[in-house]
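Here the structure is a predicted model, which means the values were calculated and not measured. Reminder, nothing fancy here: chain letters follow the sequence lines and each chain counts from 1.
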2 protein chains.
Amino acid sequence: MVSVTENTEQKIIDAACKVFIQKGMDGARMQEIADEADINKALLHYYFRSKSKLFDRVFVEIFSDIVKLLGEEINHSTEIIELIERMVNNYIHLIRERPFVPDFVLHELNRHPQLIVQQIHQYGMDFSKFQLLIDEGVLNNKIHYIQPVHLIVNVLSMCIFPFVAKPIIMGFMLNGDEAKYNQFIDERAGHVVSFIKSSLLINNPE
Amino acid sequence: MVSVTENTEQKIIDAACKVFIQKGMDGARMQEIADEADINKALLHYYFRSKSKLFDRVFVEIFSDIVKLLGEEINHSTEIIELIERMVNNYIHLIRERPFVPDFVLHELNRHPQLIVQQIHQYGMDFSKFQLLIDEGVLNNKIHYIQPVHLIVNVLSMCIFPFVAKPIIMGFMLNGDEAKYNQFIDERAGHVVSFIKSSLLINNPE
DNA sequence: GTCTATAACCGGATAGAC
DNA sequence: GTCTATCCGGTTATAGAC
C-alpha cells in the first residue's frame, strides 16, 4: 500500500484506498479518487469498469492485510498468554498507523455481507489453535477455562473499539483533549494485556 | 421512537431514524424516507429544510437515547461491581433490540466530529462517580485499582463490539451459523460480567 | 399542510480523439 | 493508455396548485 514510482493501476488502488477508507463506499467520489491519483476520471473506468468493482478490489486489499496478521499471530505462538500479548500489541500498533481502517471495514461489512464470503474461503482462519492453547493452559493449571470465541472477541473488542469510538472517548471522557487521548492509547496495550491476564491467570501475580 | 397515531413531524422522524440507521447519511435517500413515512417527498423539505438538517435532528434523537441510559446507570449505582453489572446487562439488552445503531453512531461520529459538540454540553456526563466507586472499592480491599477511562472503555468495548463485528464473528469464528451467533450473544452479558469481575476482584470467588 | 410537477445539480459512465 | 467532452440517470430541492 506504500510505493513511490508505480504504475497507473497501483496509483489508482492507493488513491482509492485512501478515499474509500475516509469516505466509505457511498461517500466516496470517483472524481476525488482520480484527483488523488493525479489522473483523469475516465481512466478509472478504463482500469476498473465501475465504482463498485474498484471498491471490491480495494476492500479485499485492505481486509486481507488485517486477516493475514491475525493468522500469523496464531501460528507463531505456543502459549495462550503469549498469543494474547502478541495480538494485542500488534493490533494496537497496526491500527494506530491506520486509525480509520476499523470503522471502514466494520461499516462496509455490515452493509455488504457478501463481501465476507470470498474472504472466508481465501483465509480459512484456523481457530482450533486457540482451543488447543486454552486447553493446554487449563490442563497445566495456569488459567481459568474460557470459551475461545469469547476470548477472541474480548481481545479484539478492547483493541479495536478504542479507535472506532475515539470521538466518544475524547469528547465525553477526556474533555476533548487530544493529548489525553494519545496518552490513553499509549497506555492501552499494556492495560489490556494486564487486564486480561488478571482475569485469566489462576495465581494472579500482578 | 415508537408511536402509532402521530403527527406528521414525528412520522418523518421515525421514518428517517429507520432509514438513516440502515443506510447511513450518504446511503439514505429522501425518497425512501418519504415512502417509509407514507408521505410525499416535498413534505420532508417543508418540515426540515434539507437532508442534512433532518439528519442532524435524527442523530441527536438517537444518540441522546443511548447517552441518557448510561447516565442513569451511573446515578442509580452505589457500588462499582453493581454499576458494571447494570451497564453490561442494560447495554447488551438495549443493543440487541437495535443491532444497527452502534455502527451508525460510531460511523457518523467519526465522519462528522461536529455532531458531538452539542451533545457533550447537553449531557455533561459525570464520570467522577466512576472514580468515586473505584476508589471506594480499592479502599475496602475489594478490587484492584483501575483507571476509570480504561474500565469504562473495556465495558463498552466488550458490550458493543460483538454487535458491530457480527459479520466477522459469524463468518470467521462460527461457520456462518446465525444460531450459534445468537447463542453467543445470549451468553455474552454473563460472560462479560464474570470476565471483568475475575479481573477486578481481589479475592476471586468464581 | 399536502400534493404534483419540475428545476437544478451532481456523479457515474461512455464516446471518441490523440 | 490517457485525455476532453458529454451523456444520462438519479437525487436534492423548489414552485405552485389545492
Does any donor atom in the side chain of E178(A) or N182(A) lie under 3.5 Å from an acceptor atom in the other side chain? no
Looking at R29(B), I'd like to know whether one of its side-chain N or O atoms comes within less than 4.0 Å of OP1 or OP2 on dT12(D). yes
With no hydrogens and no angle check, just 3.5 Å: does a side-chain donor-acceptor pair link Q147(B) and H191(A)? no
dA13(D) phosphate, OP1 or OP2, under 4.0 Å from H45(B) side-chain N/O: yes
Donor-acceptor contact below 3.5 Å, side chain S77(B) vs main chain I74(B): no
Tell me: OH of Y47(B) to P of dA13(D), nearest whole Å? 18 Å
Which is the 5'-most and which the 3'-most nucleotide of DNA chain C that has an atom under 4.0 Å from a heavy atom of chain B? dG1(C) to dT4(C)
Only one of F63(A), F100(A), F55(A) passes ring-ring contact (aromatic ring centres under 6.0 Å, His included) with F20(A), and that residue is F55(A)
Which of residues 51-58 of chain B sit near DNA chain D, with a heavy atom under 4.0 Å from it? K51(B)
Taking CG from N40(A) and C1' from dA5(D), how many angstroms apart are they, rounded to a whole number? 10 Å
Quick one: label A28(B) by what it contacts on the DNA or RNA (base, sugar-phosphate, nothing), any heavy atom closer than 4.0 Å. sugar-phosphate
Around atom NZ of K18(A), are there more than 12 heavy atoms from other residues, nucleotides or ligands closer than 6.0 Å? no
If I take atom CD in residue Q31(B) and atom P in nucleotide dT12(D), what distance separates them, rounded to the nearest angstrom? 9 Å
